[in-house]
Colleague: 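Below are the structure tokens for one structure; questions will follow.
Order of appearance sets the numbers: ligands from 1, and atoms from 1 within every ligand. For the numbers below, each heavy atom of this structure counts, side chains included, while hydrogens, waters and symmetry mates do not. Computed from a predicted structure; not experimentally measured. For this chain, numbers begin at 1 and follow the sequence in order.
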Amino acid sequence: MGTVESVTGPLELDELGVTLIHEHLCFRDEATAIQWPHLYDEDALHAAALEAATGALAVGVKTLVDPTAMFGGRDVRLMERVARETDLQVIACTGIYTYDFLPHHWQTRDEDAMADAFVHDIENGIQRTPIKAAFLKCAADAAGVTPNVEKVHRACARASLRTGAPIMAHTHPGSGTGPRQMEIFAEEGVDPGKVQLAHTGDSDDLDYIERVLDTGAWIGMDRYGIEMYLPTERRNATVLALLERGYADRMFLSADSCASIDWFSEEAEEQLLAAGAVKDWNTRLIHDKVLPALREGGMTDDQVATILEANPRRWLTR
Ligand SMILES: [Zn+2]
């Protein structure tokens, strides 16, 4: 059936099993972490990643896809350590997570040079380890597809064409970025079936979502628990409507949870939690709360298996 690279080596695709397609074992700014390491408690970060992994395993998840790229503090050694300690299968990516900014290094080099770096991670290994990336990551957010964002998309497209690796693109449905992102991939010659548009489920506008599906891309209904973008009930209603329209074989369910994240001060984090801006935002949420509600709404066992097992396998096939 073919194999896919994990942080502990290649896996047979049919060994993937139940897969969460979008969860982060750690999310932080690598520049800040390198310059001011005293601001971070590495033991606490490790413990949080371990808890995310064991939580996923406890609800029956076998594989976690971690799309942390540049600017998210991608650390494959931490991913490998947690995978070895728990037996959770973890899949890593390469790419750049930026809404616009690029450092001088990448401003003065072209898309092909950037693609070379991505291909290195896929073919040789990440961060001087033998751990290989299985997919590519890029992003567009509220600022839209700026020239820098477009450059990263074209580099991901070219690396995908050279290696067969699929692409996950962070999108911002609020500003309708998905279709424009797909235009760039199409211009570069990427098969739309290789592309997953993450965060499509932040919208419950079925017209927008069907426009995205019409491009041929996969959609990520993948931010369960981030209530401030869209509450769980509305995410569920959208998923059920899409299931009714026959899209089970085109979507993913995940939470985009971060075992730890450095975006907020302690006070801000407490305020967000108190305000209910995020709720149950962890690797157990899909199984503990979302699937029971979706099943009550009519989702079948077949559809669950399609979304959590068959779709990840198909998207990750090179
Ligand atoms: Zn994410």
Colleague: Spell out the protein N/O/S atoms under 2.8 Å from the Zn ion (ligand 1) as residue plus atom name.
Modeller: H22 NE2, H24 NE2, D256 OD1

Colleague: Kindly assign one of parallel, tilted or perpendicular to the pair F101 and F71, based on the angle between their ring planes and the thresholds 30° and 60°.
Modeller: tilted

Colleague: Answer with yes or no whether the side chains of S175 and T177 bring together a donor and an acceptor at under 3.5 Å.
Modeller: no

Colleague: Can we say R162 and D116 salt-bridge, meaning some charged N sits less than 4.0 Å from an Asp/Glu carboxylate O?
Modeller: yes

Colleague: Show the numbers, then the answer: is there a side-chain contact (heavy atoms from CB on, under 4.5 Å) between R295 and D301?
Modeller: CA-CA 8 Å; R295 284 193 155 109; D301 288 347; 3.2 Å; yes

Colleague: Apply the side-chain hydrogen bond (donor to acceptor under 3.5 Å, both in side chains) test between Y224 and each candidate in D280, N282, N236, D256; give the one that qualifies.
Modeller: N236

Colleague: Who are the salt bridge (charged side-chain N to carboxylate O under 4.0 Å, His left out) partners of R211, not counting sequence neighbours?
Modeller: none

